[in-house]
Amino acid sequence: MEKNFYDFVQELKEKNDLVDVIGSYIKLERRGYNYWACCPFHHEKTPSFSINAADRYYHCFGCGVSGDVLGFVKAYENVDFMQAVQILAARAGLEVPAYDDKAAAAAAEKKKKRDRLLLLMRDAARFYLGNLYSGRGGEYLGYLQKRGVSPSTAKKFGLGASFDFDSLPSYLLAQGYTKEECLESGACMQHENGRLYDAEGGRLIVPIINHFDEVIAFGGRALQKTDRAKYKNTRETVLFNKSRTLYNLNLVKKEKQAAGLPYLIMVEGYMDAISLYEAGFKNVVASMGTSLTKEQARLCKRYSESVYISYDGDFAGQKANLRGLDILKQEGMKVRVVPLPEGLDPDDVIRQTGADGYRDCIQKAMPLIDFRLLSVERKYDLNKTDEKRDFVREALSIVREAESATEREELLNRLARGTGISFAALQRDLEYAPVSTDTAPDPPSKQSANVDAEKKAARFILAACLFSKPYAQSCDLSAFEFSDAVHRTIADYIAAGRKTGGVRPSGIFDLVDSESVELSEILGLDYGENLDGDVSANYFQDCARALTEKNLRTRLEEERARAERAQSREELRESLARIDEYSKRLKNLRSGGKI
């Protein structure tokens, strides 16, 4: 009998121990019954990410994220639901069955389309590779030789060549791919007359490969001067999202598995990455010229806690990239910036001074905050009084963000030496310096500090029932009218679980979005003594009483309004009877009577 997909997902969760799975990604520390770690989804120094091994869910008290084993893999690997299922299935040695009904057909069609496009991109990469070594690729091979890229490195990166705009579409169509597939993959584009052409026509081809070793896009480098862009990437497709991709991550992944990585080197373009790799720096990735995103920062953190930024020598004035560096820091990474000679990129340094010259640059890498000060300093002429004052004002706003008093003092001493202003004066001004706005992180979303009593009471009641506390066993949740949709969903889940033999807290993630604030607040109560002891039992009764009173008041108001609209004596009599009933129950509650 074919396995039901829902049952398979439950089996998948059973066979992938949450602690083992999360522990394979981040370092965990056991404290009592739970495991703790610094949250992999936001920057923090003190661990607030907790794993409840018994109930099989994780929760972060810092950023509020919660989830089960599937939710963690989805968030950490930056994949969708089905990809997370496949990762965990491979880990447990299980075969993934189909979804049921429409969902099965939709999922199967989506996977079929994606697999088909991946095959197309692989065939396109092989076509380009064949071009390079066909005997007609002399110009391209000459360019690679000039750039110092050896044949072995060129093959390792799968480099290829596009001679024109027509050959690739003709080849792909001859292989049986449809016109629509050629367009959806991003490998081809379409003229106004409907004719296909190679999106990277006439360029040196650099396949962009993800960490699953799949070709998802291409980068193209024009060899001749032209009015077209020198570099061009495949447009974004169902396979390729630039903000979630880092070039060379596939080889970095193998490097980490083989020998570990003390740090990553981040460059801007794929040619810089290839050049550094050729020179022996195997721990290099490229952001492909875009400002860094949180997704890319999280990708980096999977492979190392430290990253060295090695952009062009004129990078100092680029505010967008400075903000990108702060994103890395916010994700908990140690960030250093590699100073390069003005106007040179990493490839230039390698070609002019060799691997040793670039290694010297690495040795001079500076902490991010030092680099930000250097960037600001380059904007001003310190020989001019007004510009020096502007520089000091801006520099102090950066110094204020230093993580320790020791670091602030060292930076102030440096400012004093560079500007001739006394340390004491700078220190006084520092107290009034505004926080830097160029690179300051986005303010956190407002937490539910002013949540009304009803919502707090509902959370506590649901948490006590969800975690099966003894004093909550006899609580009939159907007696409460939860105004929040998430609360209603959790209440229904608990009621159904009690009928079928038990309530499993991790099962709630099948029904409620793991990023729900309400779910996070409820799960957060299951720590310390929040739900245990006589005080908690008494508080539970107070919450139940408050929620019941709120519900009764709402019903009373509704019934009074209904009585005013009554169209007959019978309707009025029924409404008055209910008003009397609700009033008596309210009076009983307020006098301390039974709920």
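One-based numbering along the sequence shown.
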**Prompt:** Under the 3.5 angstrom rule, does the side chain of Arg459 hit a backbone N or O of Ile522 as a donor-acceptor pair?
**Reply:** no

**Prompt:** Taking atom types as modelled and ignoring hydrogens, do the side chains of Ser287 and Gln296 form a donor-acceptor contact shorter than 3.5 angstrom?
**Reply:** no

**Prompt:** Residues in ring pair (Phe, Tyr, Trp, His ring centres under 6.0 Å) with Phe240, at least two apart?
**Reply:** none

**Item:** Spacing of CG belonging to Asp20 relative to NZ belonging to Lys15, to within rounding of 0.5 Å
**Value:** 15.0 Å

**Request:** Identify the two heavy atoms, one from Leu246 and one from Cys300, that lie closest to each other, and give their separation to 0.1 Å.
**Result:** CD1-SG, 3.6 Å

**Request:** Assess the side chains of Tyr263 and Glu305: does a donor N or O sit below 3.5 Å from an acceptor N or O?
**Result:** no

**Fill in**
Interatomic distance, NZ@Lys254 vs CG@Asp213, rounded to 0.5 Å, equals 3.5 Å

**Request:** Please list, chain by chain and in numerical order, all residues satisfying salt bridge (charged side-chain N to carboxylate O under 4.0 Å, His left out) with Glu581, sequence neighbours excluded.
**Result:** Arg585

**Asked** Taking atom types as modelled, is there a side-chain donor on His59 or Ser50 under 3.5 Å from an acceptor on the other?
**Response** no

**Prompt:** Should Phe218 and Asn233 count as side-chain neighbours, where that means a heavy-atom distance under 4.5 Å?
**Reply:** no

**salt bridge (Lys or Arg N to Asp or Glu O under 4.0 Å) partner of Lys113, chosen from Glu181, Glu184, Glu180** = Glu184

**Message:** Can you tell me which residue among Glu559, Glu558, Arg565, Glu570 is in a side-chain hydrogen bond (donor to acceptor under 3.5 Å, both in side chains) with Ser575?
**Reply:** Glu559

**Request:** Please confirm whether Tyr35 and Phe49 have ring centers closer than 6.0 angstrom.
**Result:** no

**Complete:** When rounded to the nearest 0.5 Å, the distance separating CG of Leu477 from CG of Asp492 is 9.0 Å

**Message:** Looking at Met121, is its backbone amide N or carbonyl O close enough to the side chain of Ser185 to form a donor-acceptor pair, meaning the two atoms are under 3.5 Å apart?
**Reply:** no

